[in-house]
Amino acid sequence: QVQLAESGGRSVQAGESLRLSCVASGDTVNTYSMGWFRQTQGKEREGVAAIDSEGSTTYAEFVKGRFTISKDNAKNTLYLQMDNLKREDTAMYYCAADSLYTRYTNYLPHEINFAYWGQGTQVTVSS
């Protein structure tokens, strides 16, 4: 059983940057597929970025060029570097993981593909 703990969310001004972290415990996630999702009140959770078991990354169109997902296997940690933040990036951000060996080819996986979830970290962007 993997536990995920996100951190790094806070209130920032539009145009600023943040880095979210997701520390995994209970298992090593070297070959796990992992992702970041976000949700605002009244809306469905949506995929933001994902990294597959080989380290290939995919992004939602609305964050391409601004967000970068990465994983440090030595630290068992997933990151989301968010640059040039916009008000519409305001949301609760969730980290997700799955142990099934998976390769993504130009698509962002749906949340149903992830068995493990963190509790979320709030990002608020004001202008």
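Keep in mind that the numbers below use all heavy atoms, side chains included, and drop hydrogens, waters and symmetry copies.
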pair [X]-[Y]: side-chain heavy atoms closer than 4.5 Å:
| X | Y | value |
| --- | --- | --- |
| Asn113 | Asp98 | no |
| Glu44 | Gln39 | no |
| Glu46 | Thr40 | no |
| Tyr93 | Met82 | yes |
| Ser56 | Tyr104 | no |
| Lys43 | Gln41 | no |
| Leu18 | Leu85 | yes |

Should [X] and [Y] be regarded as members of a common hydrophobic cluster, given that ILVMFWY residues are connected when their side-chain heavy atoms come within less than 4.5 Å of each other, either directly or indirectly?
| X | Y | result |
| --- | --- | --- |
| Tyr94 | Phe62 | no |
| Val12 | Phe67 | yes |
| Met92 | Met34 | no |

Just checking, is any N or O donor in the side chain of [X] or [Y] under 3.5 Å from an acceptor N or O on the other one?
| X | Y | result |
| --- | --- | --- |
| Arg19 | Tyr79 | no |
| Arg10 | Thr124 | no |
| Asp83 | Gln81 | yes |

Minimal non-hydrogen separation, [X] against [Y], with atom names:
| X | Y | value |
| --- | --- | --- |
| Val48 | Val63 | O-CG2, 3.5 Å |
| Ala91 | Arg38 | CB-CB, 3.8 Å |
| Ser53 | Ser33 | OG-N, 3.9 Å |
| Gly35 | Ile69 | CA-CD1, 4.3 Å |
| Gly9 | Thr121 | N-OG1, 3.0 Å |
| Thr102 | Asp52 | O-CB, 3.2 Å |

Partners passing side chain to side chain donor-acceptor pair (under 3.5 Å) against Ser126 (at least two apart in sequence or in another chain): Gln13
Does a sphere of radius 6.0 Å around CD in Glu16 hold more than 12 heavy atoms from other residues, nucleotides or ligands, not counting ones at 6.0 Å or beyond? yes
Is a donor on one side and an acceptor on the other found under 3.5 Å between the side chain of [X] and the backbone of [Y]?
| X | Y | value |
| --- | --- | --- |
| Glu6 | Cys95 | yes |
| Lys71 | Asn30 | yes |
| Thr57 | Ala50 | no |

Nearest 0.5 Å, what's the [atom1]-[atom2] distance between [X] and [Y]?
| X | Y | atom1 | atom2 | result |
| --- | --- | --- | --- | --- |
| Thr58 | Asn106 | OG1 | CG | 8.5 Å |
| Cys22 | Asn76 | SG | CG | 9.5 Å |
| Ile51 | Leu80 | CD1 | CG | 11.0 Å |
| Ser21 | Leu78 | OG | CG | 8.5 Å |

All pairs passing ring-ring contact (aromatic ring centres under 6.0 Å, His included) where residues 25-59 contributes a residue, at least two apart: Phe37-Phe114, Phe37-Trp117
Excluding sequence neighbours, so at least two apart, what forms salt bridge (charged side-chain N to carboxylate O under 4.0 Å, His left out) with Glu61? Lys64
